[in-house]
2 protein chains.
Amino acid sequence: VTRENTKVVLVRRPTATPESGDFRVEHEPVGAPGPGEVVVAVQTLSIDAFIRTILDERAYHRPVPIGATITALGVGRVVDSADPALVPGDAVVGPLGAQTFATVPGAFLRRVDDQRRPLNAYLGALGVTTGLTAYFGVREVGAVGPGDTVVVSAAAGAVGSVAGQIARIEGGSPVIGIAGGPAKASFVVDELGFDAGIDYRGEDVAARLRELAPDGVDVFFDNVGGEILDIVLDQIKERARVVICGGISQYEHMDDVRGPRRYLVLAERHARMEGFAVTHFAERFAEAEDALGTWLDEGRLRVVEHVEHGIERFPDALAMLMSGGHMGKLLLEV
Amino acid sequence: VTRENTKVVLVRRPTATPESGDFRVEHEPVGAPGPGEVVVAVQTLSIDAFIRTILDERAYHRPVPIGATITALGVGRVVDSADPALVPGDAVVGPLGAQTFATVPGAFLRRVDDQRRPLNAYLGALGVTTGLTAYFGVREVGAVGPGDTVVVSAAAGAVGSVAGQIARIEGGSPVIGIAGGPAKASFVVDELGFDAGIDYRGEDVAARLRELAPDGVDVFFDNVGGEILDIVLDQIKERARVVICGGISQYEHMDDVRGPRRYLVLAERHARMEGFAVTHFAERFAEAEDALGTWLDEGRLRVVEHVEHGIERFPDALAMLMSGGHMGKLLLEV
């Protein structure tokens, strides 16, 4: 069998919003895997905000070199293996990249059980960048407990939608989501069970928050930054925890980030702002998967997927993520 | 005895640096204390940065009303009492205000032992806004432990100079002070025992910090904010603690605060930024005083005082504090 890989490579670093000219679709024959490597037929890619940050030259995660395939997490099936631990047919998850056939060291991949759950669940509810990120952010960093007033930004997004549900499972009440547009603000309530949704595009967030959380906010799970972060900081309680998971509003101008102007409320209210990356909890991934799996089985956790199709649409899917044109977990089936 | 009180009142809210026209010196006769009140002959006032913040209309601490005496902590001696708990001659500390004779409820004051220590020590080493603030900030919020690399901003100031010394007592090593000018950078090393001093006016702080702390910073005790905060954030370690005690660089333009632009490193490095006000630890003041007193007695803690004289110099002393024209604890003997 001669296979052809179709991949999306970076040809130019975007200065703000990525444009189609920043990427190129290339084709190449798929060779035999080297020792320890496997060839994976990619099924689905996880479209994550961190991808935008690694298109910049100066990035925390390893930047994508010019000419290289864009880094992305994905799920797929092994079709050729030179790693004794994996055989053709195995379902795997890992850093497969924006391409249709990934040739990668088997050690970078994890075999998963796609009989028990749909393969895409390993990118969403059980995905490192989604379910696991929300799990550790809400439980460990935010330390959400019974009766805590919790606010989640980007609440209709992948991580936010799971974070809010976990906050409710942990006893947070009320759990308030902030999202862009009335449809998303309703979605988090009607579909995900949040107590309230605020549309930051159409509503006065500060005023709505004062109504919904008159005594202030105990935990803010933030993936947005910018003005939203300042508005919520203004309304935190004493001893509040502000969880910095990300700051998507700043990712297109990382050289000129708007820092939280209201950060001195941390001193006024003996509060903390704490950040994390899910990798800091790597040794506890199994625990998180067990918990998330149980909640899925019990119907207490729901991950809505937005699926785009075709590897050549990777740049569009990334643009959709950055502009919030989706609800729930954004996936690209290649 | 007819006594005359000389007091400094606010006549206009400063827009940036306080000017002499913002204040007026007034005189009034001192009457008899009302029930529960005492009259205190003020000896010394503590010149603290929070005073600048309460000249603004919108302040966290209660703003000073126009026409009112400026709030300030002070020490003095009771000269007349209608509070059975205090008698003339008692040495007291409390919110005496910028004046020579304070008539205040006795319940607001604490009697102190001026036989054992100079009265001014209750504003400095044992002062709520100085020694106690440093104590809780370093120990409880920063959780400085053996081997921690500690950086202190405004290191030659009252709180910073004590914070750095406590960090060393707690095992922090190295303890690095950032201060304005070569004299202050030397002062923190030669007089206070810091391991190193960086002059932010004359040196490249980022470069010096990389030299002095090549593995990064575990604890940053910050009273400055602005650019200094960003430079240090850039060099924090994983699991670092950034203690927000204050942000004096921002106090003259609180409507347009520069937030920490590098705050997303908190997520990269699983670090936290935590603020506090000393009042959050009110129930533990006795413990802190015991510890600080012991360190003073053992010669492990030193508070250098800069003393100005004359109540009419209160505005100048405040301006000196804001511009950093002093070293150590700035006091005004009235």
Side-chain angles (χ1 to χ4, degrees), chain A residues 49-50 53 58-61 133 136-137 140-143 221-227 229-230 233-234 236 238-251 253-282, chain B residues 49-50 53 58-61 133 136-137 140-143 221-227 229-230 233-234 236 238-251 253-282:
Chain A
F50 84 85
T53 71
R58 181 173 177 254
Y60 165 60
H61 303 283
T133 295
F136 293 109
E140 300 305 315
V141 186
F221 186 99
D222 187 34
N223 246 320
V224 173
E227 195 183 0
L229 175 52
D230 277 324
L233 272 174
D234 224 30
I236 58 173
E238 277 210 4
R239 292 282 186 172
R241 287 85 71 197
V242 177
V243 181
I244 303 298
C245 181
I248 197 168
S249 70
Q250 307 301 308
Y251 287 173
H253 48 85
M254 288 294 278
D255 288 339
D256 183 28
V257 164
R258 173 185 162 143
R261 297 182 184 154
R262 291 290 290 137
Y263 85 105
L264 288 167
V265 301
L266 298 175
E268 295 172 4
R269 301 179 202 167
H270 196 177
R272 72 168 194 252
M273 182 181 287
E274 184 166 341
F276 78 108
V278 68
T279 48
H280 301 134
F281 295 96
Chain B
F50 84 84
T53 70
R58 182 172 178 255
Y60 165 59
H61 303 285
T133 294
F136 292 110
E140 300 305 315
V141 187
F221 185 98
D222 188 34
N223 246 320
V224 172
E227 195 183 359
L229 175 52
D230 277 323
L233 273 173
D234 225 29
I236 58 174
E238 277 210 3
R239 292 282 186 173
R241 288 84 72 197
V242 177
V243 181
I244 304 298
C245 180
I248 197 168
S249 71
Q250 308 301 307
Y251 287 172
H253 49 85
M254 288 293 278
D255 288 340
D256 183 28
V257 165
R258 172 185 162 143
R261 295 182 185 155
R262 292 291 289 138
Y263 86 104
L264 287 168
V265 302
L266 298 175
E268 295 172 3
R269 301 178 203 167
H270 196 178
R272 72 168 194 253
M273 182 181 287
E274 184 165 340
F276 77 109
V278 68
T279 46
H280 301 134
F281 295 96

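Throughout, a chain's letter reflects where its sequence line sits, starting with A, and its residues are numbered from 1.
Taking the ring pair (Phe, Tyr, Trp, His ring centres under 6.0 Å) definition, one finds that A/Tyr251 meets it with nothing, sequence neighbours left out. Considering only residues two or more places apart in sequence or on other chains, B/Phe136 meets the ring pair (Phe, Tyr, Trp, His ring centres under 6.0 Å) condition with B/Phe281.
You'll find the side chain of A/Met273 stays beyond 4.5 Å of the side chain of B/Val242, heavy atoms only. Side-chain contact between B/Phe276 and A/Leu266: absent, with no pair of heavy atoms (C-beta onward) separated by less than 4.5 Å.
Nearest heavy atoms, A/Gly247 versus B/Leu264: N-CD2, 4.0 Å. Minimum interatomic distance between B/Cys245 and A/Ala267 (heavy atoms only, all atoms of both residues): O-CB, 4.3 Å. A/Gly226 and B/Tyr263 get closest at one heavy-atom pair: N-OH, 4.4 Å.
The environment of CD in B/Glu227 is sparse: at most 12 heavy-atom neighbours from other residues, nucleotides or ligands sit within 6.0 Å.
Looking at A/Leu229, only its side chain comes within 4.5 Å of chain B, counting heavy atoms on both sides. Interface remark: A/Arg241 contributes no atoms to any contact with chain B (heavy atom separation under 4.5 Å). Of the atoms belonging to A/Ala271, it is backbone heavy atoms, and not side-chain ones, that fall under 4.5 Å from chain B.
Chain B forms the most heavy-atom pairs under 4.5 Å with one residue out of A/Arg272, A/Arg261, A/Glu238, A/His280, and that residue is A/His280. Chain A forms more heavy-atom pairs under 4.5 Å with one residue of B/Arg262, B/His270, B/Arg258, B/Arg239 than with any other, namely B/His270.
For the atom pair CD (B/Glu268) and OG1 (A/Thr279), the distance works out to 10.5 Å, reported to the nearest 0.5 Å.
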